[in-house]
Peer 1: 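Dropping a structure here in structure tokens format, bear with me for questions.
When a ligand or atom number is given, it counts from 1 through the structure's own listing order. What you see is a predicted model; the values in this text were computed from it and never measured.
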Amino acid sequence: MISIKNENEIELMRKAGHLVSLTHKYLEPFIKAGITTKELDKLAYDFIIEHDGVPSCLGYEGFPATLCTSVNDEVVHGIPSNRKLKNGDIITIDMVIGYKGYQGDAAWTYQVGEISPKKKYLMEHTEKALYEGIKQVKPGNHIGDISNAVEEYAKKHNLGVIRELCGHGIGTDMHEDPDVPNYGKKGEGPKLKEGMVICIEPMLNLGSRYIYMMDDNWTIKTDDGLPSAHYEHTILVTKDGYEILTPRLD
Ligand code: MF3
Ligand code: CO
């Protein structure tokens, strides 16, 4: 069942989303060569608690941290560790934060120091693929319109589209109906209605779309070892379009 949020709930989701945006902005200056992903995780945890938020990933199905930190060929669900970031790395920081019972979820990929033109290309076009998907959000459109827009954009730019993982509805739970795949056909899937909230999250690879899970049972990596990027926003369906609940703050 796809839940429709009322004005009250939307206001709380806006606050949850805003806290996600604030936490990303707070972390950004720390994302430099030499910091460990565990140190980033601790900064995020303290910041979220200070702002009356709940780090929703921590303990979710046993996940051991506040952030998912996925470096280079890690696609999603990287576990913060004593690994130090190096110049030339890319790192995706993905977080879900609860506020008064409602969840906000956003991921984006950051560069560490100077990165290669190929990594830049991957980051730029993965973020643009997300916005191509977001542009399809309005009442009457279908989930498949979003999926198709993301897939077409990714294909045009020769990026591998991960099919095993997808976006999702969100509300009081981090994962609600519907699934929001990054591939599909226009006009297919559930119809969007005002008051729905969904997370759109293309995960695109510089190489092939194939992935595997590491022995830690969380970290997903690309098969070919080439880098992967991931951008995600929490999106409200409005009367005539959409509102991004997790906007990037300058
Ligand atoms: N942002 C991720 C998602 O969209 C969060 C899940 S990570 C977990 O699904 F650690 F909480 F599992
Ligand atoms: Co998500």
Peer 1: Looking just at side-chain N and O atoms, do Y242 and H233 make a donor-acceptor pair shorter than 3.5 Å?
Peer 2: no
Peer 1: Considering residues at least two apart in sequence or located in another chain, which fulfil the side-chain hydrogen bond (donor to acceptor under 3.5 Å, both in side chains) criterion with K120?
Peer 2: none
Peer 1: Determine whether L122 and L226 fall in the same hydrophobic cluster, where Ile, Leu, Val, Met, Phe, Trp and Tyr are linked whenever their side-chain heavy atoms lie under 4.5 Å apart.
Peer 2: yes
Peer 1: Report the distance from atom CG of L249 to atom NE2 of H24, rounding to the nearest 0.5 Å.
Peer 2: 10.0 Å
Peer 1: Using heavy atoms and a cut-off under 4.0 Å, could you grab the residues that are in contact with ligand 1, chain by chain, numbers ascending?
Peer 2: C57, Y60, F63, C68, H77, D94, V96, D105, H168, M174, H175, E201, W218, E232
Peer 1: Less than 4.0 angstrom from a charged side-chain N to a carboxylate O is my criterion; do K135 and E132 meet it?
Peer 2: yes
Peer 1: So that I know where these two stand, are Y26 and H51 an aromatic pair - ring centroids less than 6.0 Å apart?
Peer 2: no
Peer 1: State which residues pass side chain to side chain contact (heavy atoms under 4.5 Å, CB included) with K119; sequence neighbours excluded, sorted by chain then number.
Peer 2: N72, I90, I115, S116, P227
Peer 1: Less than 2.8 Å from the Co ion (ligand 2) is the window; count the protein N, O or S atoms in it.
Peer 2: 4
Peer 1: Between the side chains of H230 and E201, is a donor N or O closer than 3.5 angstrom to an acceptor N or O?
Peer 2: yes
Peer 1: Heavy-atom count around F63 CZ within 6.0 Å, excluding the residue itself: above 12?
Peer 2: yes
